[in-house]
Protein chains: 2
Amino acid sequence: MDPVIPSTPAVKPAQALELWRRTIVEGVRRDQPDLSTRQMAILLIVYTQPAPHTVRGLSGDLNISKPAVTRALDRLGQLDFVRRKVDEDDRRSVLVQRTLKGSVFLADYAGLILANMTMLPEHNGSAS
Amino acid sequence: MDPVIPSTPAVKPAQALELWRRTIVEGVRRDQPDLSTRQMAILLIVYTQPAPHTVRGLSGDLNISKPAVTRALDRLGQLDFVRRKVDEDDRRSVLVQRTLKGSVFLADYAGLILANMTMLPEHNGSAS
DNA sequence: TTAATTCATTACGCTATCGAACCGTTTTAG
DNA sequence: CTAAAACGGTTCGATAGCGTAATGAATTAA
């Protein structure tokens, strides 16, 4: 059996890891801010998911403790990648806001990913 | 000018970040070993690049100090994701070797990436 | 055989992050 | 108005990571 259906395997595991390796290694080599996985996760959530973002919400999203989120925000704030702002509607809450510097960093990072994606099937730089 | 060439934008920056976010967040949520970027970089190099891998070589590849590599290998060895073996041809050198557990971890990780890739254009699960 | 080189690790002082528990403020319930 | 709950931050002791410099072992050069 197993009729010969010319399937397009799209992307194979080895290629997925290759994409990851190229991107991460390039980031390390460029001496980018050495963000932990958690910090990067928070940064990505804040910039790609609709606002508002609170400490409690992020803590739940990532299934990590609130102090861990607070510390990650300290670090990201230090880098000026996010800013904190008290929610005026509920002054107990803190809203995590985006910054220009954070946007630039992630835009660069996206560029890094895209550059390494061009060597994947169906993605060989076919944009105009 | 700028004739209307119907270009296939392939993947846009926002989609690249979306892929990254989904994958990283899922990893954090699953309580995967919280590897640093450097540790992940070393793991990926060891498993996707041809052997042999030495401390000195990895240090050069990533442009980081040798002690940093040694410490990363300590952590990865602790997790049994890699193993050290003295090079018998030059007993000063240490060869970094792969393990079954490391292979499984990266295979899972690749699966995570691929799953999130299916929502990218031209990659919508078109494998047979 | 001695000296210099190379490779990896360890020592050191420092900073960052961890989870658990506690604190202060604000909001909501009674 | 008081009591309870919710939210974020801080403190605590502990662990892990950093870069620089020193150490130990193996190799190469003289």
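We name chains A, B, ... by the order of the sequence lines, and we start the count at 1 in each one.
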### Query
Are any of Thr70(B)'s side-chain N or O atoms less than 4.0 Å away from OP1 or OP2 of dA8(C)?
no
### Summary
Closest to the 5' end of DNA chain C, once Arg71(B) and Lys66(B) are matched to their nearest nucleotides, is Lys66(B)
### Message
In this structure, how many angstroms lie between the P atom of dA16(C) and the CG atom of Asp34(B), rounded?
### Response
17 Å
### Message
Using a heavy-atom cut-off of 4.0 Å across all strands, would you classify Thr54(B) as base, sugar-phosphate, or nothing?
### Response
sugar-phosphate
#### Entry: Options dA21(C), dT10(C), dC18(C), nucleotide nearest the side-chain atoms of Pro67(A)
dA21(C)
### Query
How close or far is atom P of dC7(C) from atom NE2 of His53(B), stated in whole angstroms?
17 Å
### Query
With under 30° as parallel and over 60° as perpendicular, where do the rings of Trp20(A) and Tyr109(B) fit, or are they tilted in between?
perpendicular
Please write out each protein N/O paired with an N/O of nucleotides 24-30 of chain C under 3.5 Å, distance rounded to 0.1 Å.
| residue | atom | partner | partner atom | Å |
| --- | --- | --- | --- | --- |
| dT27(C) | OP1 | Arg91(A) | N | 3.1 |

### Query
Distance-only, no hydrogens or angles: does the Arg38(B) side chain make a donor-acceptor pair with backbone N or O of Val28(A) under 3.5 Å?
no
### Message
Taking Ser36(A)'s backbone N and O only, do any of them form a donor-acceptor pair with Ser36(B)'s side chain (distance below 3.5 Å, no angle check)?
### Response
no
#### Entry: Non-hydrogen side-chain atoms of Thr54(A) and Val96(A) separated by less than 4.5 Å
no
### Message
I'd like to know if Arg29(B) pairs up with Glu26(B) as an ion pair, taking the criterion as any Lys NZ or Arg NE/NH1/NH2 lying under 4.0 Å from an Asp or Glu carboxylate oxygen.
### Response
no
### Task
In sequence, state the C-alpha distance, the side-chain angles, and the governing distance for Thr23(A) and Asn116(A), and then conclude on side-chain hydrogen bond (donor to acceptor under 3.5 Å, both in side chains).
CA-CA 7 Å; Thr23(A) 305; Asn116(A) 291 316; 3.0 Å; yes
### Query
What are the bounds, 5' to 3', of the part of DNA chain D that sits under 4.0 Å from heavy atoms of chain A?
dA6(D) to dT10(D)
## Note on the structure
DNA chain D nearest-nucleotide lookup for Ala68(B) and Gln78(B): closer to the 5′ end is Gln78(B)
### Task
Mind listing the closest non-hydrogen atom pair of Leu79(A) and Pro33(A) along with its distance?
CD1-CB, 3.9 Å
### Query
How many Å lie between CG on Asp74(B) and P on dA8(C), as a whole number?
14 Å
### Query
So do Gln32(A) and Phe105(A) actually touch side chain to side chain, heavy atoms under 4.5 Å?
yes
### Message
If the threshold is 4.0 Å, N to carboxylate O, is there a salt bridge linking Asp34(A) and Arg75(A)?
### Response
no
